[in-house]
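Below is one structure, written out as structure tokens; the observations come after it.
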Amino acid sequence: MCGIVGYIGNKQAADIVVKGLKLLEYRGYDSAGVAVIDDSTVSINKRKGKVEDLLKMVDVSKIPGTLAMGHTRWATHGAPNDVNAHPHTDSTGNIALIHNGIIENYTVIKTELLNKGYTFKSETDSEVLAVFIGMIYEKVHDVEMAVRLALNEVEGTFGLVVISTHEPDKIIVARRGSPIVLGIGDGEYIVASDASAIVEYMKRVIYLNDDEMAILTREGYSTKTIKNETVNAEIHELELNIEQIRKGNFDHYMLKEIFEQPSTFKDSIRGRLLVEDGNVKLGGVGAVAEKLKNARRIIITACGTSWHSALVGEYMIEHLAQIPVEVEYASEFRYRNPVIYHDDVVIGISQSGETADTLAALREAKLKGATILGLVNVVGSTIARETDAGVYLHAGPEIGVASTKAFTSQLAVLSLLAMYLGRQRVLSMADGKTLATELAALPDKIQYILDRADQIKQISLAYTNATNFLYLGRGYNFPVALEGALKLKEISYIHAEGYPAAEMKHGPIALIDENMPVVFVATKDEIYDKVVSNLEEVRARGGRVIAIASEGDTNIARLAEHVIYIPNTLPQFTPVLAAIPMQLMAYYIAVQRGCDVDKPRNLAKSVTVE
Ligand code: F6R
């Protein structure tokens, strides 16, 4: 949450920073702001709204200066308005900062500062930190030391960039809980919340760890802890490429990412299937193979869409490997003193690898002695670095705020993991082979659905004025019903609920009338007949049924107002295929309603606050 970019070098800085902000805007779009130091003065432009709104106010290409920083905000403390927008300054206006995170003890610090006569313009915790640093500077006359001393008093989280006219050729950066990546160039550096703002200019990066700082000048950089101990930070080579973060010919990132799924799914399984052995190869978990073999229980923790994929994972692992699995909302797990055994394996699933709740849940599990694994998309992210082992999703950068390709890649990797665990225990080679063969066939089946996107669009347009939706499914198709409902509500703002189809008659059936569209995932599997009975129950009450059904099922057309056919597959893999029409439906409905699908209101990608 919140996008941060800073540049120091010899180029015009504001342009580079704003270009970076545009790429990081998916992290927050309540306000945008830039600060530039030129000729020992700092100029700040900031505004409520998106980066585009800022650019209507100021032509950044005309701002001189080779040191700048910028911020896109996802509001925590204080309404999204011009005053609360970052950058914030100390009381003299000489020290400016941008901040991602929450200063939890800001009221205590603010009271102390108010008592000393300091005043504040905004309602933000970030301005309190700026003024606090300024107050310390008045005593120590050293910006780095002032930042360090302030941060040692601060509780909460920060990804922080500080610049100052006192030392106009320096950027100070610090992190606790909010990601910071440093791009290392030749006499120039970029600091950002994630590598997408860096990759166009630099390939070598350093990922700061919690409680670390970096001091950047045109002559070089140093890294240390906020306790002032030297850190020898490792330099990594970025695998990201600039094409991956461009929208191409698509109207929205979300649509691009939906259409990328045949290839991203393939990338997630590439080199990992041993079809002839009915097995899989997961290099990332080799170091903990024995722990996995002896695990008494698996706990999967995640949030949002990743939590939905975790539910599919639960069904698959229990089915294929016969290991008990529990799925936990990370935000609940971390605060309720969960029972964790030493032979538990706790898996965190996260696209961003930075979700604060998931990270905290994994840390808690680690503290209590469990082996922790990360199924993560973003390479070098905090969860990827802090877990004992893991499997990357290889879905490439996901920029649309609503998760699409990461979800299907999570399902791919969970399928692989379930097969791996199964083969360690009870899964036969023959069954493994059947699964591996079908998994390899899924990219073409995803493509088959995408080739029929126009039909799905036409169906979707019949429902753009709906005010409520129900999504129902059973077995493996229940979690994907939850995911379908989440996709629709987050980007179209239509209220939608996912439910296990059979559970409907215990309450939600009361909602059914002729205005209620109900999406049924009714694929041909063992419980198909039961799902059809549930569908009849909805129809009998006048509900408008949209069925996602297996190709060749002519019976269903009789019962549903609309049918979207998906290719046949194994029951474990229907969530992958059923997700595609649901993503497309949500997209087309949201676009038709005039919603900003890539930046839905109130949301941001990478939820780094609690
Ligand atoms: C929904 C969505 C969110 C995320 C959730 C977890 O489309 O994107 O629900 O799935 O915030 O994020 P990650 O996977 O980055 O931990």
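Since we're looking at a predicted model, the values are computed, not measured. Atoms within a ligand are numbered from 1 in the order they appear, just like the ligands themselves.
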Between E354 and ligand 1, which part of the residue brings a heavy atom under 4.0 Å of the ligand: side chain, backbone, both or neither? neither
For K487, take its heavy atoms, then give the atoms of ligand 1 lying under 4.0 Å from any of them. 1 (C), 7 (O)
Looking only at protein heavy atoms, identify the closest one to atom 6 (C) of ligand 1 and say how far it is in Å. C303 O, 3.3 Å
Step through the shown structure and confirm whether more than 12 heavy atoms of other residues, nucleotides or ligands are within 6.0 Å of CG on N249. no
Check: H236 ring centroid to Y207 ring centroid under 6.0 Å: yes
Atom indices of ligand 1, in the order listed, that fall short of 4.0 Å to a heavy atom of S350: 13 (P), 14 (O), 15 (O), 16 (O)
Under a heavy-atom criterion of less than 4.0 Å, does V401 contact ligand 1? yes
Starting from atom 4 (C) of ligand 1, what is the nearest protein heavy atom, named by residue and atom, and what distance separates them? T305 N, 4.0 Å
Is it the case that the side chains of S403 and E398 hold a donor-acceptor pair, with the cut-off being a distance below 3.5 Å and no angle test? yes
Considering A356, S352, A330, A406 one by one, which has a heavy atom nearer to atom 15 (O) of ligand 1 than any of the others? S352
What residue and atom, counting heavy atoms only, is the protein's closest point to atom 11 (O) of ligand 1, and at what distance? V607 CG2, 3.9 Å
N/O separation below 3.5 Å, T358 to ligand 1: no
So does D344 pair up with R297, basic N to acidic O under 4.0 Å? yes
Taking every heavy atom of A578 against every heavy atom of I548, the minimum-distance pair comes out as O-CD1, 4.0 Å
Which heavy atom of the protein is the closest neighbour of atom 13 (P) of ligand 1, given with residue, atom name and distance? T355 OG1, 3.2 Å
Tell me whether S306 has any N or O atom under 3.5 angstrom from an N or O of ligand 1. yes
Under 3.5 Å side-chain donor-acceptor pair for D454 and Q458: no
Contacting atoms of ligand 1, where contact means under 4.0 angstrom from a heavy atom of A402: 7 (O)
Distance-only polar pair, side chains of N209 and R385, donor-acceptor under 3.5 Å: yes
So, K366 and T387: side-chain donor and acceptor under 3.5 Å apart, yes or no? no
How close does the nearest protein non-hydrogen atom get to atom 7 (O) of ligand 1, and which residue and atom is it? E490 OE2, 2.5 Å
Neighbour count above 12 (heavy atom, 6.0 Å) for K291 NZ: no
